[in-house]
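In each ligand, atom 1 is the first atom listed, and ligand 1 is the first ligand listed.
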Amino acid sequence: MKTLTLLSSLIIIVSVSLCKANHRSEGGGFTVDLIHRDSPLSPLYNPTYARSDRLQNAFLRSVSRASGLSKRAGFASKIDADISVIPGEYVMRIQIGNPPVEVVGVADTGSDLTWAQCQPCKHCYKQAGLPFLQPNASSTYRAVSCQSKACEALEGNRYGCSSGNVCEYGIRYGDLSYTKGDLANDTFWFGSTPLKNVAFGCGHDNNGSFPDDASGIIGLGDGPLSIINQLNDTIQGKFSYCLVSALTNSSNVTGKIHFGDHALVSGPDVVSTPLKLTIPPTYYYVVLEHVSVGNRKLPYKSTTDIGLDVENVIIDSGTTVTIVGQEFYDELTAALTEAIGGNSTLPDPTGMFDFCYKDLDLGRVPNVTFSFTGADVELPPENTFIQVQKGVSCFTIVGSDGIAIFGNLLQQNLLVGFDLVNKMVSFRPTDCRNHS
Ligand SMILES: *[C@@H]1O[C@H](CO)[C@@H](O)[C@H](O)[C@H]1NC(C)=O
Ligand SMILES: *[C@@H]1O[C@H](CO)[C@@H](O)[C@H](O)[C@H]1NC(C)=O
Ligand SMILES: *[C@@H]1O[C@H](CO)[C@@H](O)[C@H](O)[C@H]1NC(C)=O
Ligand SMILES: *[C@@H]1O[C@H](CO)[C@@H](O)[C@H](O)[C@H]1NC(C)=O
Ligand SMILES: *[C@@H]1O[C@H](CO)[C@@H](O)[C@H](O)[C@H]1NC(C)=O
Ligand SMILES: *[C@@H]1O[C@H](CO)[C@@H](O)[C@H](O)[C@H]1NC(C)=O
Ligand SMILES: *[C@@H]1O[C@H](CO)[C@@H](O)[C@H](O)[C@H]1NC(C)=O
Ligand SMILES: *[C@@H]1O[C@H](CO)[C@@H](O)[C@H](O)[C@H]1NC(C)=O
């Protein structure tokens, strides 16, 4: 049952969003709230669930996701290449159909196709508190044909063609979980903003360790079926998010995800780095040049030949910890040990992290700066250390070979903006608790 605990505990539920369309002629924008599952605002808030359990679960998922992303990015055998990893960190609430039906989907920057459980269910996993979609109840639902562009765009996730010429999708996940169903078009609602003819997976056969408080997954990757690309006419490749973490503070606050005109990241303290869109698409790669501990600069080296030119890190909202190559990790922690002083490091009593301190005074921890090409992102100790139990704080970066991932604990209190048209990722230090 470990897997189930893992998945269900990681969800971060999103509150109902109230977002008004921006009706400017050359575009528009909308904003959706993100609430951590652990927030008292979440209907699933369980005050008895220990924070350390949540952290442990998030950690385990990060490691498995990293390994899955590495596989998908082509570092392992071809057989694994189309196996995705179930994301699970942040969830957003949208509506699909006419009349609109609420769908809570895991917001995933690491996948493209959005899907939700649909009736009739050949098999549907238990879904708490939300109705399944009913295609026959939506006046705007249209199954997509096998000859359509959208069907072609499924590529490895194309499952077959039904006798009625309906395009069928299928996605397998690393732990034998899967979703299968019809590719369809319907209206998506972001708050009061309707967007017509969005292709998504209407999943009639879904099983495995999906979070039971989500109806499916919302794909925010850069592939053609991602909502980012499908909504391009409206949002022009722009979205941004500001993450609050309930791992460090399960308070009554929400994060935000913005699209289109609402997603601009501007101001004097914004830094930007080129976004490297690769083939096959999906992940948001950037180039990490060095990491500084205080004033000490450590050139970044990937420890694996990842088969890409220079892009060496994925920015991912769905992974909790940050993962760097093992050799670089050793250098980084050596530099930190020196900077922090003393010899009080200890192994993490929970077994997750390698680099922890007892009674760490955060005031002794220097800022750690991730220098992406052209963008120095300075991270205060509140991002780089997390208290795993009373009196024990661990470094939120871990070492593991494979593709590196800039995870969501480091992204806390940064407004992170993606612009797929101008191919830039921007960062601005922001108090996400007060950001609207
Ligand atoms: C729609 O389909 C569901 C089963 O998938 C069925 O229970 C329901 O009666 C149908 N509704 C209509 C209006 O046909
Ligand atoms: C689905 O939507 C696309 C536009 O997004 C449109 O080109 C296509 O014809 C639609 N398919 C159906 C079956 O409605
Ligand atoms: C669903 O998955 C579980 C394991 O996750 C398995 O035990 C069960 O047999 C599966 N059910 C179906 C209908 O495939
Ligand atoms: C998205 O829209 C922008 C602006 O209209 C355009 O330049 C760009 O090519 C579009 N991108 C895609 C993938 O269609
Ligand atoms: C948690 O958030 C609340 C409300 O925003 C704030 O008052 C409190 O200081 C925070 N606690 C910690 C430990 O950061
Ligand atoms: C959370 O915020 C809402 C509205 O902002 C407020 O009504 C509610 O009392 C707050 N709950 C807690 C536990 O602080
Ligand atoms: C370092 O740790 C060792 C073993 O716990 C201890 O004997 C020594 O006094 C410590 N030194 C400092 C400077 O804290
Ligand atoms: C550390 O980084 C934070 C966030 O960018 C910044 O506000 C703070 O001034 C920095 N602290 C030091 C000592 O440079």
Side-chain angles (χ1 to χ4, degrees), residues 1-8 24-29 86 112 117 120-127 149-150 153 170 172-181 195 198-199 203-212 220-239 242 259-261 263 267-271 275 277-279 281-282 284 291-296 336 339-340 361-371 375-385 410-416 418-424 427-432:
M1 284 288 96
K2 184 150 197 178
T3 318
L4 287 175
T5 318
L6 173 93
L7 291 161
S8 55
R24 279 211 264 138
S25 55
E26 77 276 35
I86 297 174
D112 294 322
Q117 299 204 93
C121 291
K122 182 174 167 201
H123 186 269
C124 286
Y125 60 85
K126 189 169 164 286
Q127 179 177 301
K149 272 215 173 86
R172 290 187 297 140
Y173 294 87
D175 61 352
L176 303 182
S177 301
Y178 64 85
T179 171
K180 272 191 284 196
L195 293 150
V198 180
H204 296 291
D205 187 1
N206 321 289
N207 191 29
S209 44
F210 296 108
D212 66 4
L220 302 172
D222 87 327
L225 289 175
S226 152
I227 58 166
I228 305 303
N229 276 320
Q230 290 198 64
L231 305 183
N232 189 49
D233 287 352
T234 308
I235 70 175
Q236 308 193 327
K238 290 180 191 58
F239 71 103
C242 204
F259 296 89
D261 288 351
D269 46 358
V270 174
V271 292
L275 175 62
L277 299 175
T278 60
I279 297 172
T282 302
Y284 295 115
V291 176
S292 305
V293 174
N295 293 324
R296 184 156 162 211
L336 262 179
I340 293 170
D361 169 10
L362 287 185
R364 281 169 56 193
V365 179
N367 278 354
V368 172
T369 303
F370 271 59
S371 297
D376 294 339
V377 180
E378 191 171 14
L379 305 165
E382 291 74 17
N383 289 40
T384 52
F385 279 88
L410 290 193
Q411 293 179 56
Q412 287 173 73
N413 291 328
L414 286 172
L415 178 59
V416 183
F418 296 81
D419 181 337
L420 277 54
V421 173
N422 298 307
K423 300 195 170 48
M424 291 298 251
F427 302 88
R428 191 186 71 199
T430 301
D431 181 350
C432 294

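With a 4.0 Å heavy-atom cut-off, ligand 4 is reached by the side chain of N229 but not by its N, CA, C or O.
Protein heavy atom nearest atom 4 (C) of ligand 8, with residue, atom name and distance: E378 O, 4.0 Å. Protein heavy atom nearest atom 7 (O) of ligand 4, with residue, atom name and distance: V421 CG1, 3.9 Å. Counting only heavy atoms of the protein, atom 5 (O) of ligand 4 lies nearest to Q236 NE2, 3.8 Å.
The shortest non-hydrogen separation linking T179 to G203 is OG1-CA, 4.1 Å. Of all heavy-atom pairs spanning V271 and D376, the tightest one is CG2-O, 3.8 Å. Nearest approach of Y125 to Q117, heavy atoms of both residues: N-OE1, 2.9 Å.
Of the listed options T369, L414, N367, N367 places a heavy atom closest to atom 10 (C) of ligand 8. Closest heavy-atom approach to atom 6 (C) of ligand 3 within the set N206, N207, D205: this belongs to N207.
Annotation: D269, atom CG; neighbour count of heavy atoms from other residues, nucleotides and ligands within 6.0 Å is above 12.
Counting only heavy atoms, the protein gets under 4.0 Å from atom 14 (O) of ligand 8.
Defined by atom type and a distance below 3.5 Å, a donor-acceptor pair is missing between the side-chain atoms of S226 and D112.
Test L362, N367, V365, N413 against P380 for side chain to side chain contact (heavy atoms under 4.5 Å, CB included) and you get one pass: N367.
Of all atoms in ligand 3, listed by their number and element, those nearer than 4.0 Å to a heavy atom of H123 are 13 (C). Below 4.0 Å from some heavy atom of N232 lie the following atoms of ligand 4, by number and element: 1 (C), 2 (O), 3 (C), 8 (C), 10 (C), 11 (N), 12 (C), 14 (O).
Rounded to the nearest 0.5 Å, atoms OG1 (T234) and CG (L195) are 5.0 Å apart.
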